[in-house]
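Proteins get letters first, then strands, A, B, ... in listed order; numbering begins at 1 in each.
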Number of protein chains: 2
Amino acid sequence: MINRSARDPAYQQLADLLRAEITSGRIPAGELLPFEGRLAQEHGLGRQTVRKALDVLRREGLVVTERGYGTRVVQQQEREKVPVPRGALIRIRMPSEAERAELGIEAGSVVPVAEVWLGGRLRGTYVGDRTDLTTS
Amino acid sequence: MINRSARDPAYQQLADLLRAEITSGRIPAGELLPFEGRLAQEHGLGRQTVRKALDVLRREGLVVTERGYGTRVVQQQEREKVPVPRGALIRIRMPSEAERAELGIEAGSVVPVAEVWLGGRLRGTYVGDRTDLTTS
DNA sequence: GGACATTTGTACGTATGTATC
DNA sequence: CGATACATACGTACAAATGTC
């Protein structure tokens, strides 16, 4: 239940509730969340407040929203191991909009990337939710 | 100028304008942006729309907002080099709210973290905007 | 310490646009 | 085409943090 007099804002409380549903598996990967209007009604919130809660979960990469369709729990990605040579420098950051398109990052998801530099030159950019880097 | 009939939404256009001011140095690091109400008036937008534009810049790590004070252009962070031993596995992802507090990540900024695993055990968690990993 | 102005944060309602089914 | 559902954008109000006097 949302407690309006709690210190945490309502949108954060709703995000916490939904995150618990997701991480516990009660809402399995691939499943749609209730649509925004329904969440608003169920919890006695405005739709903008629900959208802020969903934004929190998108930033954590837990859900992806498709316009005109709904918000679903993301499938845990198969992770590829990428070897990093010795002497490399790895920098992690958020991608720009152009990079997202280039790297095939789904719209609505919030995923970091890793740059691997060697000898002052960029050797590769890797997407966080489907790559692990290994040092050899 | 904001073009209301353009394909890009108004908040994105404002974010682009402000980003250009920042990256060009016309608004130097440490400087405050005009406050939200002023930006709204200057560009003929609602305050909520201005807030969405600022959110875009916060996600890119370009600005930081302090409640009751204002939004300022961030100082370029001093980056620490963290050596990663051979045979390690590096996983990058977004931090939870609890981790953000633990790692001292400023509220309002969107920053990834890197986990370094060695021998199946977590050896460290590093914040993306102030750390580079180096392989030895 | 209090009083006050300034500024950001949260939350509501409403309307309209646009993508999907 | 219509129904559904998310996206953008406006206005409004009040709460909470900050800085100043």
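- Phosphate contact (OP1/OP2 of D/dA7, side-chain N/O of A/Arg51, threshold under 4.0 Å): present.
- Judged purely by atom type and a 3.5 angstrom limit, A/Thr131 has no side-chain atom pairing as donor or acceptor with the backbone of A/Gly128.
- At a threshold of 4.0 Å, the pair B/Lys52-B/Asp55 does not count as salt-bridged, since none of the basic side-chain nitrogens sits closer than that to a carboxylate oxygen.
- Around the CZ atom of B/Arg7, the shell of radius 6.0 Å holds no more than 12 heavy atoms that belong to other residues, nucleotides or ligands.
- In the region residues 1-22 of chain B, proximity to DNA chain D at under 4.0 angstrom, judged on heavy atoms, holds for B/Arg4, B/Pro9, B/Ala10, B/Tyr11.
- The closest side-chain heavy-atom distance from B/Thr49 to B/Leu14 is not below 4.5 Å.
- In this structure, A/Asp55 atom CG and C/dT10 atom P are separated by 12 Å, rounded to whole Å.
- By the criterion of side-chain heavy atoms lying less than 4.5 angstrom apart, applied directly or through intervening Ile, Leu, Val, Met, Phe, Trp or Tyr residues, A/Ile92 is grouped together with A/Val82 in one hydrophobic cluster.
- OP1 or OP2 of C/dT10 has at least one side-chain nitrogen or oxygen of A/Lys52 nearer than 4.0 Å.
- Listed in residue order, the members of residues 26-42 of chain A having a heavy atom less than 4.0 Å from DNA chain D are A/Phe35, A/Glu36.
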Practice problem: Would you sort out whether B/Leu39 and B/Leu18 count as a side-chain contact (heavy atoms from CB on, under 4.5 Å), showing the intermediate values? | Solution: CA-CA 10 Å; B/Leu39 285 172; B/Leu18 293 173; 4.2 Å; yes
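- A/Leu133 and B/Met94 are members of different hydrophobic clusters when ILVMFWY side chains are connected at heavy-atom separations under 4.5 Å.
- Note on B/Thr49: a side-chain N or O is less than 4.0 Å away from OP1 or OP2 of D/dC10.
- A/Gln13 places a side-chain N or O within donor-acceptor distance of the main-chain N or O of A/Asp8, the cut-off being under 3.5 Å.
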Under 3.5 Å, which protein N or O atoms sit close to an N or O of nucleotides 15-21 of chain C? Give each pair with its distance.
| unit_1 | atom_1 | unit_2 | atom_2 | d |
| --- | --- | --- | --- | --- |
| C/dG17 | N2 | A/Arg67 | NH2 | 3.2 |
| C/dT18 | O4' | A/Arg67 | NH2 | 2.7 |

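- By the 6.0 Å contact criterion, CD on A/Glu99 is enclosed, its count of non-hydrogen atoms from other residues, nucleotides or ligands being greater than 12.
- In this entry the distance linking CZ of A/Arg72 with P of D/dA5 reads 17 Å, nearest Å.
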